[in-house]
Structures are given as C-alpha cells and as structure tokens.
Amino acid sequence: MRFDTVIRNGTVVTASDTFVSDVGIQDGRIAALALGLTGADEVIDATGHFVLPGGIDSHVHLDKACLLGRCGHLQGGLKAAIAAVSAMKRDFTVADVYERGAQVLEQAIAKGTTRMRSHVEVDPRVGLRSFEALKALKRDYAWAIDLTLCVFPQEGLTNDPGTEELLVRALQDGAEALGGCPYTDTDPHAQIARLFALATRFDVDLDFHLDFDLDASWMHLDEVCRQTTVHGYGGRVAIGHVTKLSCLPPEAFARAAGRLAEAGVAVTVLPATDVYLLGREATHDVPRGLTPAHRLLAQGVTCSVATNNVLNPFTPFGDASLLRMANFYANVAQVGPEGFDACIEFVTALPARLMNLRDYGIAIGNPADLVVLDAPTQAEALAGLAEPIMGFKNGRQSFSR
C-alpha cells in the first residue's frame with residue numbers, strides 16, 4: 001500500500017489499547033496501524049512521543065471571547081458577567097465577532113484541538129450577527145478544525161420576546177445544536193420544555209447551561225432528566241457547569257449521578273470559569289465550585305472538560321489549550337497520577353461520545369485527526385503540560401512547533 005504520510009514509531013492510543021506503532025495516512029484517513037510501514041511520500045519520526053486523536057473542546061463561547069480590552073469588569077460573579085457582555089453585544093458586528101473568534105480558533109488549532117462546539121448567543125440585542133460570524137469561521141477554518149454551532153438564549157427565552165423566532169431562523173440556517181440557560185428565565189421549566197420541542201422539531205442535540213451556583217437546595221437537573229426521558233433523547237443531551245453538584249454530600253451526589261446515567265444526560269465541567277466566578281462572597285475557606293467529573297464518570301455518566309470562555313468577564317484567562325484545562329481540572333479536583341489518563345480522555349474520547357461523533361479516534365478508516373505530544377506517555381503529558389509538536393486534520397499537517 002502506498003501512503004501519503006507515515007508517522008513513524010510513536011506511542012499510539014486507540015479506544016482499546018496503547019502501543020508503539022506507525023500510522024499510515026492515505027487520502028486523509030488512517031489506512032494502517034503497524035510497525036515497519038513503507039512506501040510513503042512523507043515520513044515523520046515520532047519516536048519517544050505520544051500520538052493522540054485530536055482534542056475536542058465541547059463547550060466554548062467564541063462570540064464573546066477576547067473582550068477584556070473593552071470593558072472594565074475584571075472581576076465579579078455570574079450575574080455581573082452576563083450583564084457586562086449583554087451591554088457590549090449590542091454593538092457586536094459580524095467582523096468584530098469573526099476577528100475575536102479567529103484568535104481563539106488559531107490558538108486552539110496550535111494546541112491540538114481538531115473539533116469544537118461553540119455556543120453562540122441569539123437574542124434581540126445581538127440578533128444573528130454572532131451566528132453569521134461563526135458560520136464564516138466554520139467555513140474558513142474547516143481545513144484545521146470542525147466547528148459545530150450551538151445557538152442558545154443567554155438571557156432567557158420565555159421572558160425575552162423575539163428570541164425564539166431568532167433561534168428558529170438559526171436552526172433553519174444550519175445551527176447543529178440548541179442550548180439553553182434556564183436559570184436566567186422567569187419560567188425555567190417552560191424554557192426547558194420549549195427547547196426540547198424545538199430540538200425534536202429540528203432533530204438536533206441539546207446542550208444546557210445548568211445549575212450554575214452553590215445553592216444545592218434546588219436544581220433544574222431533575223427536570224432536564226425527566227424531559228430527556230419523556231422525549232427519548234438519552235445520549236443527545238448535555239448539561240454544562242452544574243456546579244450545585246459540587247455541594248452535595250456523597251449520598252445525594254450518588255442519587256444525582258444515578259439520575260443522569262439513567263436518563264443518558266452528559267455533563268461538561270468548565271473549570272476555569274467555575275472556579276473563577278463562584279464563591280466570591282466568601283471571606284475565607286472559599287469553595288471550589290467544581291463538579292467532580294471523575295466521580296460522575298465512575299457512576300456511568302459521560303463527562304467532558306472544556307474551555308468555556310477566554311479573556312472575558314466570565315474568565316479573564318486562557319490560551320485555548322485543552323491539555324492545560326485537563327491539568328487544571330486534575331489540580332483543583334485533587335486527581336492523582338492514577339487518574340491522569342482519564343483526565344486526558346475528558347478532552348478527547350469522552351467529549352466525542354458526548355457530541356455523538358461516530359468517526360473519532362485512532363482507528364483504520366477514521367479521519368486522520370492527530371496530535372503528536374512532546375511526552376512519552378499520556379500521564380507525563382498531563383503532568384508536565386507537554387507541548388504539541390505537530391497536528392494533523394484529515395491527514396493534512398495543520399501546525400508544527
């Protein structure tokens with residue numbers, strides 16, 4: 001067999017095993033996994049390096065990234081961050097959103113991300129301008145990253161006339177997923193019901209921002225799980241943040257995990273934003289506010305770790321590195337070396353499951369979406385924040401360092 005490219009002698013991780021192998025790439029796909037492959041137009045030596053499937057960032061907000069330079073809101077809680085962006089987004093233009101989103105996309109590509117789900121706000125204040133910008137980004141950066149667009153109402157749905165009509169227009173115009181934010185709505189359960197109705201109408205997955213505070217006396221989680229079961233939507237619903245789960249004692253946490261697993265609702269943990277925004281009223285013994293994804297995973301819940309925000313009032317940090325985010329999660333959640341491999345899976349195989357990606361991973365026939373890390377093992381890559389040496393999208397080298 002003739003190959004376009006052979007990545008030689010790297011430590012390869014597949015869905016079932018880790019082993020030293022060559023990776024033969026032909027016509028953008030993985031054509032062979034074996035040592036001693038010959039007949040390649042290009043050979044890349046990966047000896048001593050780890051070869052992973054490309055990273056997946058399952059929850060990002062490209063439309064409101066890189067806003068710090070235009071607002072004085074440098075610290076505060078969730079409501080203040082929403083209000084700050086709400087005021088600014090009235091003046092967003094397509095060109096402005098495109099430029100800021102491109103900054104993050106280029107960072108993400110150079111850090112080894114090959115697939116991303118970006119939430120994008122749609123409401124009467126910003127209209128469809130941010131959505132139009134992200135559609136253009138999706139097209140222009142398709143050579144290096146698959147960008148999925150999830151439209152959602154940040155500031156409410158039932159209390160914000162005109163928003164549902166805009167969501168419908170975006171879904172008709174190619175949005176691939178639908179999000180929600182029940183805690184900003186005057187009728188949270190009605191919002192959840194309306195979004196499930198729209199999702200089933202357009203046959204798209206759902207991805208809610210949910211239960212984003214530290215008051216565990218009430219949750220919208222139960223209603224999302226109930227509606228998921230009623231609509232037969234198991235495996236097609238994700239919830240992000242869910243920081244209330246971080247406040248539950250073991251027995252209540254186990255019950256919540258059981259409901260999520262039974263309903264087929266996945267969870268995305270967003271460490272940088274959750275740790276930055278929550279617990280600000282505490283003068284000492286400040287709570288972390290981080291949902292323990294590794295404990296949910298142990299009880300059968302599909303989980304991912306993702307970026308969420310970059311350089312804005314929600315998160316004034318970030319370089320779009322998924323490896324850094326997995327490392328940060330492990331630090332804050334006190335995950336030891338025995339769990340480092342699972343933390344890598346939070347930004348690779350598990351978000352692929354959450355997003356229902358059927359062609360992901362290092363396997364013959366799949367797209368050659370690969371990243372080569374400057375480390376001999378996954379655990380060492382996570383612990384030492386190994387730099388990606390090079391990446392490939394559909395067999396084409398997208399960056400090198």
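Just so it is clear, the model here is predicted, and its values are computed rather than measured.
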Any sub-3.5 Å donor-acceptor pair from [X]'s side-chain atoms to [Y]'s backbone N or O?
X: E176; Y: L149; answer: yes
X: D341; Y: Q378; answer: no
X: D160; Y: T163; answer: no
X: S21; Y: A34; answer: yes
X: R117; Y: H59; answer: no
X: S246; Y: P292; answer: no
X: D4; Y: D27; answer: yes
X: N309; Y: T315; answer: no
X: N327; Y: L323; answer: no
X: D185; Y: L157; answer: yes

Any ion pair linking [Y] and [X] (charged N to carboxylate O, less than 4.0 Å)?
X: D96; Y: R70; value: yes
X: R115; Y: D359; value: yes
X: D203; Y: R236; value: yes
X: E262; Y: R259; value: no

* Structure fact -> Exactly one candidate in F314, Y183, F152 meets ring-ring contact (aromatic ring centres under 6.0 Å, His included) with H209; the answer is F152
Side chains of [X] and [Y] only: does a donor on one sit below 3.5 Å from an acceptor on the other?
X: T184; Y: E155; value: no
X: Q227; Y: E223; value: yes
X: N308; Y: H61; value: yes
X: Y141; Y: E106; value: yes
X: Q154; Y: K89; value: no

At their closest point, which heavy atom of [X] faces which heavy atom of [Y], and how far apart are they?
X: I30; Y: G361; value: CD1-O, 4.0 Å
X: V371; Y: F399; value: CG2-CZ, 4.3 Å
X: A175; Y: V204; value: O-CG1, 4.1 Å
X: A142; Y: K393; value: O-CG, 4.5 Å
X: T348; Y: G54; value: CG2-O, 4.4 Å
X: D374; Y: A386; value: O-CB, 3.6 Å

* Over 60° means perpendicular and under 30° means parallel, so classify the ring planes of F346 and Y329, tilted if in between. => perpendicular
Using 0.5 Å steps for rounding, measure from the [atom1] atom of [X] to the [atom2] atom of [Y].
X: L357; Y: T148; atom1: CG; atom2: OG1; value: 7.0 Å
X: L62; Y: T307; atom1: CG; atom2: OG1; value: 9.5 Å
X: F317; Y: L68; atom1: CZ; atom2: CG; value: 9.5 Å
X: L166; Y: L171; atom1: CG; atom2: CG; value: 11.0 Å
X: L270; Y: S58; atom1: CG; atom2: OG; value: 7.5 Å
X: D140; Y: L105; atom1: CG; atom2: CG; value: 10.0 Å

Quick one: are [X] and [Y] in side-chain contact, heavy atoms under 4.5 Å?
X: T273; Y: F212; result: yes
X: V13; Y: V51; result: no
X: P271; Y: L290; result: yes
X: L322; Y: K111; result: no
X: P313; Y: V85; result: yes
X: Q334; Y: R288; result: yes
X: L221; Y: K244; result: no
X: D213; Y: L78; result: no

* What's the verdict on side-chain contact (heavy atoms from CB on, under 4.5 Å) for V151 and L178, showing C-alpha distance, side-chain angles and the deciding distance? -> CA-CA 5 Å; V151 292; L178 179 63; 4.1 Å; yes
* To do: Starting from the C-alpha separation in whole Å, work towards a yes-or-no answer on side-chain contact (heavy atoms from CB on, under 4.5 Å) for R201 and L198.
  => CA-CA 5 Å; R201 173 183 165 188; L198 285 174; 4.1 Å; yes
Does atom [atom1] of [X] have more than 12 heavy-atom neighbours, drawn from other residues, nucleotides or ligands, at distances under 6.0 Å?
X: Q299; atom1: CD; value: yes
X: E99; atom1: CD; value: no
X: R8; atom1: CZ; value: yes

* Could you give me the CA-CA distance, side-chain angles and deciding distance for F131 and D173, then say whether side-chain contact (heavy atoms from CB on, under 4.5 Å) is met? => CA-CA 10 Å; F131 178 64; D173 196 24; 3.8 Å; yes
* Quick one: is the NZ or CZ of R100 closer than 6.0 Å to the six-membered ring centre of F92, and within 45° of its axis? -> yes
* To do: Validate the cation-pi geometry between R295 and F253: distance from NZ or CZ to the six-membered ring centre under 6.0 Å, angle to the ring axis within 45°.
  => yes
* Does the pair I56 and T113 meet the rule for a side-chain contact (heavy atoms from CB on, under 4.5 Å), with working shown? -> CA-CA 6 Å; I56 301 176; T113 300; over 6 Å; no
* Applying side-chain hydrogen bond (donor to acceptor under 3.5 Å, both in side chains) between N9 and each of D22, D45, T47, report the one that passes. => T47
* Test log, rule salt bridge (charged side-chain N to carboxylate O under 4.0 Å, His left out), inputs R129 and D91 -> CA-CA 10 Å; R129 297 190 300 278; D91 297 322; over 6 Å; no
